[in-house]
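Taking it in order: structure first as structure tokens, then the write-up.
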Amino acid sequence: MAAVPVEEAIAALSTFSLEDEQPEVQGPAVLVSTERGSTISPIEYSDVSAYRLSLTEDTKALNQLDGKEMASVLYTYRSCVKALPQLPESMKHSQADLYLETYQVLDLEMSRLREIQRWQASAATKLAADMQRFSRPERRINGPTITHLWSMLKLLDVLVQLDHLKNAKASIPNDFSWYKRTFTQVSIQWPDTDSMREELDDLQIFLSTRWAILLNLHVEMFRVNNVEDILQVLIVFAVESLELDFALLFPERHMLLRVLPVLVVMATSSEKDSESLYKRVKINRLINIFKNDPVIPAFPDLHLSPTAILKELSNYFQKFSSQTRLLTLPSPHELPPREAQDYQRHYLIVNHIGAIRAEHDDFAIRFASAMNQLLLLKSTDGADVEWCKEVKGNMYDMVVEGFQLLSRWTARVWEQCAWKFSRPCKDVGPSDSQELSSSYSDYEKVVRYNYSAEERKALVELVSYIKSVGSTMQRSDTLIADALWETIHAEVQDFVQNTLATMLRTTFKKKKDLSRILSDMRTLSADWMANTNKPDSEFQSLQHGGDESRGNFFYPRPVAPTAAQVHCLQFLIYEVVSGGNLRKPGGLFGNSGSEIPVNDLKQLETFFYKLSFFLHILDYSATIATLTDLGFLWFREFYLESSRVIQFPIECSLPWMLVDHVLESQSAGLLESVLMPFDIYNDSAQHALVVLKQRFLYDEIEAEVDHCFDIFVTKLCEAIFTYYKSWSASELLDPSFLFALDNGEKYSIQPMRFTSLLKMTRVKLLGRTIDLRSLIAERMNKVFRENLEFLFDRFESQDLCAIVELEKLIDILKHSHELLSKDLSIDPFSLMLNEMQENISLVSFSSRLASQIWSEMQSDFLPNFILCNTTQRFIRSSKVPLVPVQKPSVPHAKPNFYCGTQDLNSAHQSFARLHSGFFGIPHMISLVKLLGSRSLPWLIRALLDHISNKIATLEPMITGLQETLPKSIGLLPFDGGVTGCMRLVKEQLSWGTKSELKAEVLRGIKEIGSVLYWMGLLDIVLRELDTTHFMQTAPWLGLLPGADGQMLSQNAGESPVVNLFKSATAAIVSNPRCPNPTSFYTMSKQAEAADLLYKANLNTGSVLEYALAFTSAALDKYCSKWSAAPKTGFIDITTSKDFYRIYSGLQIGYLEQSVQLQPNNHDMLGDSVAWGGCTIIYLLGQQLHFELFDFSYQILNVAEVEAASIMQTHKSPHSGQGWDSMLEAMKKARRLNNHVFSMLKARCPLEDKMACAIKQSGAPLPRIKFENTVSAFETLPQKGT
């Protein structure tokens, strides 16, 4: 195989896109690592000796003065005594072994404290020696450098922090006391323990003495009396740096604030001239600094107060105790209320978030614009040099501004936390009672209850700004590195090759010493290789006093100066300005006593400050990591010790409080920032491993993150589900309902920005990558199934009327699924619905819903609901059911399992209540939609079997009623009138002892009638759906409606859909560019199959006709008993006991009973009895017999004759008195019966025997055509006829 050329391989790689659609809604999230990486500064000073400036001794001291690890040991120290076991009385003999084990455990911890003791003594000695070395009178030119001043201040800061931690950690002396006790017990048998006891006593003195480290440092420094000079220099440097904002990043500023009060105390306690300090630094300047910052961040959960330090140290340094102006400054807890309010306005982020937001937006726009310009420059060949310089210089300025913004914002977070720790919340919880308030821990008072909702919102916003800006700058590291180095190179070269050349020719021409220093500056930092002019000619012109003033031109090179070069340049500039005089008045760049002109001094000062920032720019990644590190928001070691607990609950954890606030507030603006607080955990884990170097802290962080992230995913999924459910419910509300409301806006849903979170496939958390999208999808699948389960459980606890509500709620859930599916890949809704209905199997036709509907119809609907024929509705009977219906209790769930919000729930429930009191056409539509074509046939078959079983059950009962009829029942005589006829009917129908049997038969007939009417409603709905389906498919199939309901083809050939696909296939295949014609032929064949399938489904049968045919077949078994053929061949008038005679007797008895129970006569059995009885009569062919010989019909005929005779004789109608209600009920029954018979004639005419035929397999023989009849409702007789 031939090798691919490198150029082609690179070109091929360039075509690959490594970008995805994941939005940037998380911070940089560097991988947690304990190795030295890009976040650790690589700046060293190993090349200083190459420049021959006698700074080797100075830089050696720089590398030795570091003690952050010691502070980490003390901060993370936890008591071992709490974990020590206590022996029971039965094991007291093992006390010596326990002491030995305890000693061995504690000795390891005490060795760390002894190491800290030795280190602080060594550090104090080195620092004091360093100060004394720079305080020698003969030392003029070689230091201290500005970098060295910073190093001394940093070491002093570490010593101050160590002393403060040692004073604050109560667990250390406790453990030591146990250690000393166990040492006393176990050392009895040891020889020569004197040295160990001395070491133990020294450690005890060190741990028990407050401010022991500073006192030791004071002793070491003032062994020689000249350190006042260097102390004053340090104080002047700190004061000027604070006043002029020379501290470029916030850690430097906080460090100056921490060490300044200690420096002031030490300088004032000098034996020589304690007041000389205030001659160089006015005391008002110190007071202003201490008042501007009453609290200083020192540790994550521990703050320092300059005034408190001054007051406490005054007890140990007697000379300082006379400084009443400094000692009378109030501590944070002593501030007057008005001043405290002013400080609170300054410290709280919520008061500045508007300005911060404007700064962020402005910077983001300008940084993106600068990046675009830089990318355009990189893609342009032969760009103008000046334009290149301008674009790269602008990029450099944006990076500097970004660092300053990040520093200012992160400092605000630190300072707000320090202020909160100094001002704990007083009113905790819902009540102000002392007992309740005392039950909360101190940490809860300073964190959990100390941040209001607005303050949490502002803090989340600021954390998001810090992380987003840091992430943006971190991602552009490699793109802008060359531009930054070139700009720094240009700044340095312009200064040393042009500015210094001008100074050498003018200001310093006759000053040999200063000229030599400037020449040294040019020698160690000038890049003559980039210069277009030769340096030799330049030196000659300088030596001969040439007045050529044009600037040198040099090519830009991405070669930045080293840290050592910057270090040396700062040193040399300082030497030029101060002349090595530490007591020089006016500060670092003050002009008093200086011979340097103001303009030159200003140029030197500007470049001096630029040099300081060059180091941060060169250490780009480490600077961003420092400025965006918010891990301190998690640590709580001091409060864990003071509260005497192992760990606080996550409700007290500030990162989780911020996440929880975003989720609970449902703020659309904050939602995309919900992952930003998790970056605090990344920072804290990195800090625990790299800085503190404590594995147990990382384990605690990891455990909390695991727990919090699980809760976060659960809460986020619940919020997502609630939002999409509410959105769906809002869209499905009736528009006319919303239009009629005055406050319809409360049903509208505000848009939420979940889309970006739903695209997150790589969430960085503690070095792991989490696919949040898949977690949400998994949870959503579960929630949708739980919601469906709840809806079915709720329906099973209600009656059949709740089917409309169920359909509405499932529609809302389905629409929610559709909306969510646009942003998230989840399981199909049909699959979930089938799973919850237990309808997955191919051979399963009885779904959970169909089984529940059938069970409900058997147990409640058919026995307890009555039919109102006029309204076409079933309503619940007011009679107490014979068998109480047992239903499970209604399950309760959160609002999001209904419609999302309480308001939307109320709105939809008001619609559901409109359909909760009856069962009619709307319910049938919902039932058909929910069951579908798969489960509906099963339910129909179950109901038809119920009819068959009910007929079989009625057969012996009707036989019993037939046996009690008299042998002969003649026609009712007209001469007896209505009263006589009613008396005669009662005598002939001697069913008094059969009242229970009569009631049972009526209930059976009623259930048969209810099922048949229910089938009629189902038929109406199915025909409507069939019509809709036909209107959609007919144009594609080429069908036209013809006469007598027949379908005619538009053309004798193929249907339009087949022609369309065949012509399209032919056109595409004829194109020679067609790659694969097979798929188009397949599509054409599929169109033909679809044509056959849809045409076969057009001639659908009628459910009602099938039900009537099935009932007719079921009645065939009992036709001989219920419809006996007359022996004479003529109509049997007197001796017939056919079904119509039984029903006639039951009907008149039921009518009489209903009249007696007025006004509740409609609530007895309803109109289903007529539907059941008349259907059986009609299918048995007894309609004419019934209409001729029905008792109520005969009585109505008698009543009409009687009424006519009364009108002719003009007699008072006394004979019909008392029967008006009964006669009216009979008329209504006759009208209803006529209506039923007319409907039956229309749907199942007996003239066509095929109409009600049915095969043995149960399949009907469909009637192809029949004569259409007029509407059944038009045949109803009018009232009074």
Side-chain angles (χ1 to χ4, degrees), residues 69-122 124 159 161-216 299 301-302 312 315-316 441-442 636-647 692-697 699-700:
E69 291 185 7
M70 301 300 148
S72 301
V73 170
L74 274 187
Y75 177 69
T76 59
Y77 187 90
R78 291 190 183 178
S79 176
C80 298
V81 175
K82 296 178 183 179
L84 294 177
Q86 299 295 325
L87 287 181
E89 291 294 332
S90 60
M91 297 182 65
K92 287 298 182 182
H93 62 277
S94 303
Q95 190 75 32
D97 295 336
L98 177 64
Y99 276 127
L100 181 60
E101 294 289 339
T102 303
Y103 173 78
Q104 291 175 349
V105 170
L106 291 176
D107 186 58
L108 182 62
E109 298 300 322
M110 292 303 114
S111 66
R112 299 164 68 191
L113 296 179
R114 281 193 289 266
E115 183 182 353
I116 292 174
Q117 181 190 12
R118 288 191 291 268
W119 181 87
Q120 64 84 25
S122 173
L159 294 174
Q161 292 185 53
L162 281 177
D163 231 353
H164 199 74
L165 280 172
K166 182 179 68 65
N167 297 339
K169 284 278 188 176
S171 59
I172 295 176
N174 289 343
D175 281 11
F176 179 79
S177 63
W178 269 83
Y179 174 71
K180 189 173 183 181
R181 188 183 312 167
T182 56
F183 174 79
T184 305
Q185 294 292 331
V186 301
S187 64
I188 298 174
Q189 302 175 354
W190 294 353
D192 191 19
T193 59
D194 293 341
S195 61
M196 297 177 67
R197 290 184 184 277
E198 289 180 6
E199 187 177 351
L200 202 63
D201 292 339
D202 290 342
L203 183 60
Q204 182 176 8
I205 293 172
F206 171 69
L207 295 177
S208 59
T209 305
R210 292 183 65 82
W211 303 108
I213 298 176
L214 291 183
L215 292 173
N216 178 52
F299 309 97
D301 58 333
L302 198 60
E312 188 167 356
N315 298 324
Y316 299 90
S441 66
D442 291 339
R636 68 290 291 263
E637 291 300 303
F638 174 73
Y639 281 91
L640 282 175
E641 180 176 292
S642 63
S643 302
R644 298 182 179 181
V645 295
I646 297 176
Q647 193 52 264
L692 302 179
K693 298 181 179 179
Q694 298 294 342
R695 174 61 185 267
F696 73 90
L697 283 177
D699 292 339
E700 291 179 357

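Using cut-offs of 30° and 60° for the angle between ring planes, the Trp211 and His164 rings count as tilted. Taking the six-membered ring where tryptophan is involved, the planes of Tyr179 and Tyr103 are essentially parallel, since the angle between them stays under 30° and well short of 60°.
Taking 4.5 Å as the limit, some side-chain heavy atom of Leu200 sits within range of a side-chain heavy atom of Phe176. Side-chain contact check for Gln117 versus Leu203: some heavy-atom pair is nearer than 4.5 Å. At least one side-chain heavy atom of Ile213 sits under 4.5 Å from a side-chain heavy atom of Phe206. Considering only heavy atoms from C-beta on, Leu697 comes within 4.5 Å of Arg78 through its side chain. Put simply, the side chain of Gln647 reaches to within 4.5 Å of the side chain of Arg636, judged on heavy atoms. Counting heavy atoms from C-beta on, the side chains of Leu640 and Asp301 never come closer than 4.5 Å.
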Take Leu162 and Trp119, measure what side-chain contact (heavy atoms from CB on, under 4.5 Å) needs, and give me the verdict at the end. CA-CA 11 Å; Leu162 281 177; Trp119 181 87; 3.5 Å; yes
For Ile172 and Leu165, what are the C-alpha separation, side-chain angles and deciding distance, and is it a side-chain contact (heavy atoms from CB on, under 4.5 Å)? CA-CA 10 Å; Ile172 295 176; Leu165 280 172; over 6 Å; no
Quick one: do Glu109 and Arg112 satisfy salt bridge (charged side-chain N to carboxylate O under 4.0 Å, His left out)? Show the steps, please. CA-CA 5 Å; Glu109 298 300 322; Arg112 299 164 68 191; 2.8 Å; yes
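Remark: side-chain polar atoms of Asp163 are not paired, donor with acceptor, to backbone N or O of Leu159 under 3.5 angstrom. Of the possible polar contacts, none joining the Lys693 side chain to the Val73 backbone as a donor-acceptor pair under 3.5 Å is found.
Ala168 and Leu302 get closest at one heavy-atom pair: CB-CD2, 4.2 Å. Of all non-hydrogen atoms in Met110 and Tyr77, the two that sit nearest each other are CE-OH, 3.5 Å.
Taking CD of Gln161 as the start and OG of Ser72 as the end, the distance is 9.0 Å to the nearest 0.5 Å. The line from CG of Leu74 to CD1 of Ile116 is 3.5 Å long, rounded to the nearest 0.5 Å. Between atom OG of residue Ser79 and atom CG of residue Leu106 there is a gap of 8.5 Å, rounded to the nearest 0.5 Å. Taken to the nearest 0.5 Å, the CG atom of Leu214 stands 12.5 Å off from the OG1 atom of Thr209.
More than 12 heavy-atom neighbours from other residues, nucleotides or ligands sit within 6.0 angstrom of CZ on Arg181.
Applying the salt bridge (charged side-chain N to carboxylate O under 4.0 Å, His left out) test to every pair with at least one member in residues 168-180, sequence neighbours left out, gives these pairs: Lys169-Glu641.
Applying the side chain to side chain donor-acceptor pair (under 3.5 Å) test to Arg210 and every residue at least two apart in sequence or in another chain returns Glu312. Residues meeting the ring-ring contact (aromatic ring centres under 6.0 Å, His included) test with Tyr639, sequence neighbours left out: Phe421, Tyr443.
Asp202 and Arg118 are not joined by a salt bridge, as no carboxylate oxygen comes within less than 4.0 angstrom of a charged side-chain nitrogen.
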